[in-house]
Amino acid sequence: MMIEQRKKLTVITEAALESTLGPVLLEQGASGYTVTNARGHGSHGARDGGWSSSSNIRIEIICDYPVAQAIAEHLLENYAKNYAMILYLSNVDIFRPERF
Amino acid sequence: MMIEQRKKLTVITEAALESTLGPVLLEQGASGYTVTNARGHGSHGARDGGWSSSSNIRIEIICDYPVAQAIAEHLLENYAKNYAMILYLSNVDIFRPERF
Amino acid sequence: MMIEQRKKLTVITEAALESTLGPVLLEQGASGYTVTNARGHGSHGARDGGWSSSSNIRIEIICDYPVAQAIAEHLLENYAKNYAMILYLSNVDIFRPERF
């Protein structure tokens, strides 16, 4: 079975951004993404600068490094000032790499 | 504290498959698995071949490499033609390795 | 863009523990954490020792290695005997490392 390494970009942000970010991710080169509901706790809130417990979403995008970087740069430049946002990359080995 | 490396196999697929796949995963050697609800967006749908937004689940199995490979092969052979399905592996360092 | 490696500690445990563990994680050095609902299946239940399907949560903490280790040790010592609990570490490359 063919396996290839890709990047997984995870974006944890405010639930209110879901419909806004979807088209943005595709424009920046994602072939798809997966969203799960989450609850955030801690000092990650950019908006209030303090401790918070909030309705968040986790968005995960499997892509190559340049696409991950383009998405991350775009989100940080355009949304991170006004919305709580955590972004990180990890390595994944995907099956059926021709799909990504 | 003892830590050992294992594989985490992630399967993102259609929610309708949850009850079918559970017994399959255990038969293929998984000692357990965790399911979360998710929403998929993009061109991953095998069924319609186009853009879709659908009710998905994310299944995660912590196991060794041979079990991960057996599960992935079984799922790809038996379900990937008729259901949207993304599979990928990542490395995790688990605590209490005797449990897996 | 600045990227730095951190650890992601994942704790999969019983939903009933959520409100108890929150303050514990912060006391042990976490700057925040993300919770998602999950369903666990398998032989992971410490309480009944057998197969179970149960209402779980997945807690994820982005932190450095010493904090991850402190949290894991604390949870294993204080909760793992009475609650089903899976803990594992993975590597993530975070954007905006000054936040963690």
Side-chain angles (χ1 to χ4, degrees), chain A residues 1-40 55-65 67-68 70-71 74-75 88-100, chain B residues 5-15 28 34-61 63-81 83-93:
Chain A
M1 252 188 316
M2 212 165 136
I3 297 182
E4 276 183 21
Q5 192 173 94
R6 289 289 187 286
K7 291 291 179 183
K8 183 174 75 165
L9 175 64
T10 301
V11 182
I12 301 174
T13 191
E14 302 179 29
L17 272 185
E18 183 171 355
S19 59
T20 303
L21 292 189
V24 169
L25 300 175
L26 302 176
E27 278 164 28
Q28 297 294 322
S31 63
Y33 58 93
T34 302
V35 182
T36 51
N37 295 327
R39 298 181 285 287
S55 179
N56 284 1
I57 48 171
R58 176 205 317 267
I59 307 173
E60 293 183 342
I61 306 118
I62 308 285
C63 55
D64 55 21
Y65 185 74
V67 168
I71 293 172
H74 186 92
L75 297 188
Y88 57 86
L89 286 173
S90 49
N91 294 318
V92 294
D93 292 314
I94 57 159
F95 295 88
R96 303 195 294 170
E98 72 279 5
R99 302 234 160 187
F100 294 91
Chain B
Q5 192 172 93
R6 288 290 186 286
K7 290 291 179 184
K8 184 175 74 165
L9 175 64
T10 301
V11 183
I12 301 174
T13 191
E14 301 179 28
Q28 297 294 323
T34 302
V35 182
T36 50
N37 295 326
R39 298 181 286 286
H41 299 262
S43 55
H44 295 307
R47 199 145 59 180
D48 53 25
W51 293 97
S52 60
S53 165
S54 54
S55 178
N56 284 1
I57 48 170
R58 176 204 316 266
I59 307 173
E60 293 184 342
I61 306 118
C63 55
D64 56 22
Y65 184 74
V67 168
Q69 198 173 28
I71 293 172
E73 281 181 4
H74 186 91
L75 297 188
L76 289 174
E77 280 174 24
N78 292 281
Y79 301 98
K81 281 174 201 148
Y83 296 92
M85 189 169 278
I86 297 169
L87 295 105
Y88 57 86
L89 287 173
S90 50
N91 294 318
V92 294
D93 293 314

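So you know, we letter chains A, B, ... as the sequences are listed, proteins then strands, and number each from 1. Excluded from the calculations below are hydrogen atoms, water molecules and symmetry mates; all remaining heavy atoms, backbone and side chain alike, are included. Because the structure is a prediction, the values reported are computed rather than measured.
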A.B. asks: Which pairs count as salt bridge (charged side-chain N to carboxylate O under 4.0 Å, His left out) when at least one residue sits in residues 15-26 of chain A, sequence neighbours excluded?
C.D. replies: A:Glu18-B:Arg39
A.B. asks: Under a 4.5 Å heavy-atom cut-off, does chain B meet the side chain of A:Leu25, its backbone, both or neither?
C.D. replies: neither
A.B. asks: Less than 4.5 Å to any heavy atom of chain A: does that hold for the side chain of B:Asn56, its backbone, both, or neither?
C.D. replies: neither
A.B. asks: Counting heavy-atom pairs under 4.5 Å with chain B, which one of A:Thr36, A:Val35, A:Ile94 comes out on top?
C.D. replies: A:Val35
A.B. asks: If I measure from the heavy atoms of chain A, does B:Ile12 come under 4.5 Å with its side chain, its backbone, both, or neither?
C.D. replies: side chain
A.B. asks: Not counting sequence neighbours, list each pair that qualifies as a salt bridge (charged side-chain N to carboxylate O under 4.0 Å, His left out) and has a residue in residues 55-64 of chain A.
C.D. replies: A:Lys8-A:Glu60, A:Arg58-C:Glu60, A:Glu60-B:Arg58
A.B. asks: Between B:His41 and A:Tyr33, what is the ring plane arrangement, given parallel below 30°, perpendicular above 60°, and tilted in between?
C.D. replies: parallel
A.B. asks: Is any side-chain heavy atom of B:Leu75 less than 4.5 Å from a side-chain heavy atom of B:Val11?
C.D. replies: yes
A.B. asks: Counting only heavy atoms closer than 4.5 Å, note whether A:Ile59 contacts chain B via side chain, backbone, both or neither.
C.D. replies: neither
A.B. asks: Evaluate the side-chain proximity of A:Arg6 to B:Tyr88: yes if any heavy-atom separation is below 4.5 Å, no if none is.
C.D. replies: no
A.B. asks: Select one option (side chain, backbone, both, neither) describing which atoms of B:Leu9 are under 4.5 Å from chain A's heavy atoms.
C.D. replies: side chain
